[in-house]
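Have a look at the structure below, then the notes.
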Amino acid sequence: MKKIAVLTSGGDAPGMNAAIRAVVRTGLDKGLSVMGIQRGFSGLINGEIFEMDRRSVADIIHRGGTILRTARSEEFRTEAGQKKGVAILNAFGIDGLVVIGGDGSFHGGQALSKYGIKMVGIPGTIDNDIAYTDCTIGFDTAVNTVLDAINKLRDTSTSHERVSIVEVMGRNCGDIALYAGLAGGAESIIVPEKGYDINLLCKTILEGKLRGKMHNLIIVAEGVGGANEIASKIEEVTGIGARATILGHIQRGGSPTANDRILASRLGYRAVELLLEGKSARVVGVKDGKIIDEDIDEALAIKRSFDEKLYSIAEALSY
Ligand code: F6P
């Protein structure tokens with residue numbers, strides 16, 4: 001192993017830069033040449049590849065986004081696109097590839113590994129929807145961004161004695177809603193893993209009001225969606241004012257938290273170590289505080305389980 005490359009793909013996540021920095025500096029520290037691939041698999045196909053040095057990753061550990069840019073490539077989903085990618089990697093003499101991204105990016109890396117490319121994946125997505133790891137890079141920052149918004153919405157919800165419905169990202173995974181909802185003391189958390197009953201929701205709001213609650217915070221995961229419709233229905237049934245806020249891409253940006261920077265640094269370091277150990281088709285992650293690695297096929301086959309216990313805690317504490 002003499003030359004490795006790194007790319008970021010799919011939705012960006014705070015902490016991706018810290019992971020790039022870790023890969024580049026670990027590689028250089030161990031005597032490798034390190035190349036950066038711009039715009040994910042789309043840039044790979046177009047040969048957007050450049051050499052990186054220690055200074056290329058200076059001053060980025062605290063920045064959100066990704067200095068390598070990112071993309072979702074339709075062409076790379078095809079066999080022809082993947083073969084192009086393999087040819088480019090071979091033409092540049094790249095012996096090992098680090099892919100930083102979510103589930104879709106891992107499928108891209110997995111496809112390359114089937115053509116003999118040595119690759120290691122690092123989980124970078126705000127969604128926390130990758131089952132083999134306890135946490136993905138960017139999740140902690142996104143939860144804290146949502147928490148900040150919830151704190152602010154609580155103020156105005158209390159002043160006006162209104163219901164505030166906050167829609168958060170997470171695709172089909174309710175983790176951002178669950179964690180931010182618990183941390184923010186939300187009255188109700190609506191996630192795709194559990195669903196909801198609008199009548200029960202309205203009853204809970206009215207009961208809360210009778211017990212003297214001045215505000216009512218409802219967190220809805222995007223996998224359920226419909227924050228505006230939920231707000232209208234609540235107003236209609238309870239007669240209490242309701243406002244919806246869809247946080248959107250705000251959740252994808254911002255300076256990564258210490259947890260995300262540390263996780264990214266540990267995972268980036270381990271990814272390069274694995275390539276140097278001759279391993280391929282592996283993904284790195286964290287389990288009970290320890291850095292682990294898994295076979296990519298097995299990792300992608302694991303079904304995510306929802307944290308029922310955490311959901312029950314949030315429910316019990318919300319009255
Ligand atoms: O996967 C990260 C994510 O932010 C999801 O939570 C969301 O569904 C999606 O990406 C949005 O994608 P786009 O960047 O294409 O709007």
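Counting starts at 1 for both ligands and their atoms, following the listed order.
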Does M169, backbone or side chain, put an N or O under 3.5 Å from an N or O of ligand 1? no
Is there a donor-acceptor pair closer than 3.5 Å between any side-chain N or O of D293 and the backbone N or O of V283? no
Under the rule for salt bridge (charged side-chain N to carboxylate O under 4.0 Å, His left out), what residues qualify as partners of E298, not counting sequence neighbours? none
Short question: side chain of E222, backbone of G170 - any donor-acceptor pair under 3.5 Å? yes
For H249, atoms of ligand 1 separated by under 4.0 Å from a heavy atom: 13 (P), 14 (O), 16 (O)
Does ligand 1 have any atom sitting under 4.0 Å from a heavy atom of Q251? no
For atom 12 (O) of ligand 1, grab the closest protein heavy atom and report residue, atom and distance to one decimal in Å. R72 NH2, 3.0 Å
Under a 3.5 Å distance rule, please check whether N17 uses its side chain to pair with a backbone N or O of I61 as donor and acceptor. no
Of the choices R171, E222, R252, which has the non-hydrogen atom that lies closest to atom 7 (C) of ligand 1? E222
Could you tell me whether K279 and E273 have a side-chain N and a carboxylate O separated by less than 4.0 Å? no
Close approach of G102 to ligand 1, heavy atoms, under 4.0 angstrom: no
Side chains of L89 and L112, heavy atoms from C-beta outward: is any pair under 4.5 Å? yes
So which protein heavy atom does atom 6 (O) of ligand 1 come closest to, and at what separation? D127 OD1, 2.7 Å
